[in-house]
Number of protein chains: 2
Amino acid sequence: MSKEKNQQTEERILETAIEVFQERGMAATRMQEIADRAGINKALLHYYFRSKQQLFEAVFSKCFMQFAPKVNSIFQSEEPLFDKLYRFADNYITFMLKNRFLVPFIVQEMNNNSEFAFSFLDSVNRPDPTIISGQIKAEIEAGIIKPIHPKQLLLSIFSLVAFPFAAQVLIKGLLKMDDEEFVTLMNERKTLIPDMIKNALKP
Amino acid sequence: MSKEKNQQTEERILETAIEVFQERGMAATRMQEIADRAGINKALLHYYFRSKQQLFEAVFSKCFMQFAPKVNSIFQSEEPLFDKLYRFADNYITFMLKNRFLVPFIVQEMNNNSEFAFSFLDSVNRPDPTIISGQIKAEIEAGIIKPIHPKQLLLSIFSLVAFPFAAQVLIKGLLKMDDEEFVTLMNERKTLIPDMIKNALKP
DNA sequence: GTCTATAGCCAGATAGAC
DNA sequence: GTCTATCTGGCTATAGAC
């Protein structure tokens, strides 16, 4: 109800839209719900973002920009592999525990909208696995870790940290966990996962 | 166009509905598209399944019944842990390579519909992790594997096999893979994952 | 059992007043 | 810039003929 100037309104719409899109996904989101939660009306949404599709793209883009740096932190720094890994797991899990819907949202919308997803990835400064792939090969040749295809290792690392968030409801159902236990387990995984990878790669 | 008797029609509707729901998800699926692909009209869908929600529930149920046995195969048999693990990974990945949309569909719809998901899980003969948890504890006490919380181990195993399917588009985008490379990697993972777990758990 | 036609509703988008 | 009111289209679901 309160009337502010425009930058603030646009910001409030976007923040609210992020919440609703993350909770419900693109297809199930209603513009009316965003308007209600933001305390404005539908017309104003269209005034600022023109269409649901464009609002979605703004939301997805902002979400991906939160997600990408977490991935980049393992792709790009120059520390030894295992040091990076401990930092990455801690960093990633801490952040995703505070943003529970981020991973499932990104995963779901990329699956459901793959043509948009790929053109989006091409248009942004996306994470690039070249550096770390080289590093993994170098550490293999130096005898620090056992031979493994770099993509396999990266895929395993991502799987171990991201899947519990991506498939939260399924996992809680299968392993009979409540949310409290889920959080405890994820906190343990900050070191458990790097420990596990380290052991597995010992020559 | 061709007119058969009813059991066949119902079966054809359900099979077509599984395809469309898996491709698009519940919210984005249109009854019209199911009717078109099945070569019938919308009215007939409602004649057999009454509503979109009920058709979805039939689809989800059938999909979950394909998914559950794969999980049960590691939960329930009495082989030594590592033997089971090799069988499970091979089995699971082989099946999911032939049913590419199954994991993302289950994951997505459980996330988007968690109240239905939980009541569904309670109503079926769902996988039960009790047996394998006991087995893991026993093998730890026998000194066969290092100490680890059974749920953490199970979560890691599921993550390693399931995440690449659940987040197919994201993974292909981040690691710059085409579908052929994805399939090659997944085939390698049938033994790579058990090998990795085995190494990691060596006392 | 299967079709055509349509009711009825709901969501995205726009017009126009303030 | 923000609102109310409304248009338009699309979708689920049903009525009713065959």
Side-chain angles (χ1 to χ4, degrees), chain A residues 1-63 105 108-109 112-113 115-116, chain B residues 1-63 105 108-109 112-113 115-116:
Chain A
M1 236 53 111
S2 64
K3 325 228 156 170
E4 339 270 62
K5 267 298 168 200
N6 72 28
Q7 189 92 348
Q8 286 183 333
T9 305
E10 180 163 346
E11 189 53 33
R12 184 154 43 97
I13 290 174
L14 191 56
E15 289 306 313
T16 310
I18 288 175
E19 276 180 39
V20 180
F21 275 113
Q22 285 192 1
E23 275 177 41
R24 307 211 181 280
M26 166 63 172
T29 288
R30 300 293 163 248
M31 297 294 268
Q32 187 65 58
E33 183 171 7
I34 298 172
D36 290 346
R37 287 209 217 174
I40 55 168
N41 56 71
K42 279 191 295 178
L44 211 52
L45 296 182
H46 286 92
Y47 176 80
Y48 281 101
F49 291 92
R50 182 123 194 108
S51 69
K52 181 184 176 183
Q53 179 65 27
Q54 283 190 44
L55 179 53
F56 167 74
E57 290 179 12
V59 165
F60 184 88
S61 178
K62 187 150 186 196
C63 290
F105 175 68
Q108 170 167 327
E109 298 311 327
N112 291 345
N113 218 336
E115 111 244 31
F116 164 73
Chain B
M1 236 53 111
S2 63
K3 326 226 158 174
E4 338 271 62
K5 265 299 167 199
N6 72 26
Q7 189 91 347
Q8 286 183 333
T9 305
E10 181 164 345
E11 189 53 33
R12 183 154 43 95
I13 291 175
L14 191 57
E15 289 307 312
T16 311
I18 288 175
E19 275 180 40
V20 180
F21 274 113
Q22 285 192 0
E23 274 178 41
R24 305 211 182 281
M26 165 64 173
T29 288
R30 299 293 162 249
M31 296 294 268
Q32 186 66 59
E33 182 171 6
I34 298 172
D36 289 347
R37 288 209 217 173
I40 55 169
N41 57 71
K42 280 190 296 176
L44 212 52
L45 296 183
H46 287 92
Y47 175 79
Y48 281 100
F49 291 91
R50 181 119 196 113
S51 71
K52 182 184 175 183
Q53 180 64 27
Q54 282 189 43
L55 178 54
F56 166 74
E57 291 179 11
V59 165
F60 184 87
S61 177
K62 188 151 186 193
C63 289
F105 174 69
Q108 170 167 327
E109 298 310 328
N112 291 346
N113 218 336
E115 111 245 30
F116 165 72

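In what follows, every chain begins at residue 1, and chains take the letters A, B, ... in the order their sequences are listed. In what follows, every heavy atom counts, from backbone to side chain, and hydrogens, waters and symmetry copies are set aside.
The separation between A/Tyr48 atom OH and D/dC3 atom C1' is 13 Å, rounded to whole Å. Atom CD1 of A/Ile13 and atom C1' of D/dT2 are 10 Å apart (whole Å). At whole-Å resolution of the value, CG in A/Asn41 and P in D/dC3 are 4 Å apart. As rounded to whole Å, 15 Å separates atom P of C/dG1 from atom CG of B/Leu45. Regarding B/Gln54, its CD atom lies at a distance of 13 Å from the C1' atom of D/dT12, rounded to whole Å. Look at CD on B/Glu10: it is 12 Å from C1' on C/dG1, rounded to the nearest Å. Distance, A/Ile40 CD1 to D/dT2 P: 8 Å, rounded to whole Å.
Of the N and O atoms on the side chains of B/Glu57 and B/Gln53, at least one donor lies less than 3.5 Å from an acceptor on the other residue. Side-chain polar atoms of B/Asp36 and B/Gln32 form a donor-acceptor pair below 3.5 angstrom.
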Pull out every protein N or O sitting under 3.5 Å from an N or O of nucleotides 11-17 of chain C, one pair per line with the distance.
unit_1: C/dG12; atom_1: OP1; unit_2: A/Thr29; atom_2: O; d: 3.4
unit_1: C/dG12; atom_1: OP1; unit_2: A/Lys52; atom_2: NZ; d: 3.4
unit_1: C/dG12; atom_1: OP2; unit_2: A/Met31; atom_2: N; d: 3.0
unit_1: C/dG12; atom_1: N7; unit_2: A/Lys42; atom_2: NZ; d: 3.2
unit_1: C/dA13; atom_1: OP2; unit_2: A/His46; atom_2: NE2; d: 3.0
unit_1: C/dA13; atom_1: OP2; unit_2: A/Lys52; atom_2: N; d: 2.7
unit_1: C/dA13; atom_1: N6; unit_2: A/Lys42; atom_2: NZ; d: 3.4

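For A/Asn113, the side-chain hydrogen bond (donor to acceptor under 3.5 Å, both in side chains) test picks out no residue, with sequence neighbours left out. Under the ring-ring contact (aromatic ring centres under 6.0 Å, His included) criterion, B/Phe21 pairs with B/Phe56, sequence neighbours left out.
Between B/Glu19 and B/Arg24, no side-chain nitrogen of the basic residue sits less than 4.0 Å from a carboxylate oxygen of the acidic one, so the salt-bridge criterion is not met. Electrostatic pairing of A/Lys62 and A/Glu15 counts as a salt bridge here, judged by a charged N lying under 4.0 Å from a carboxylate O.
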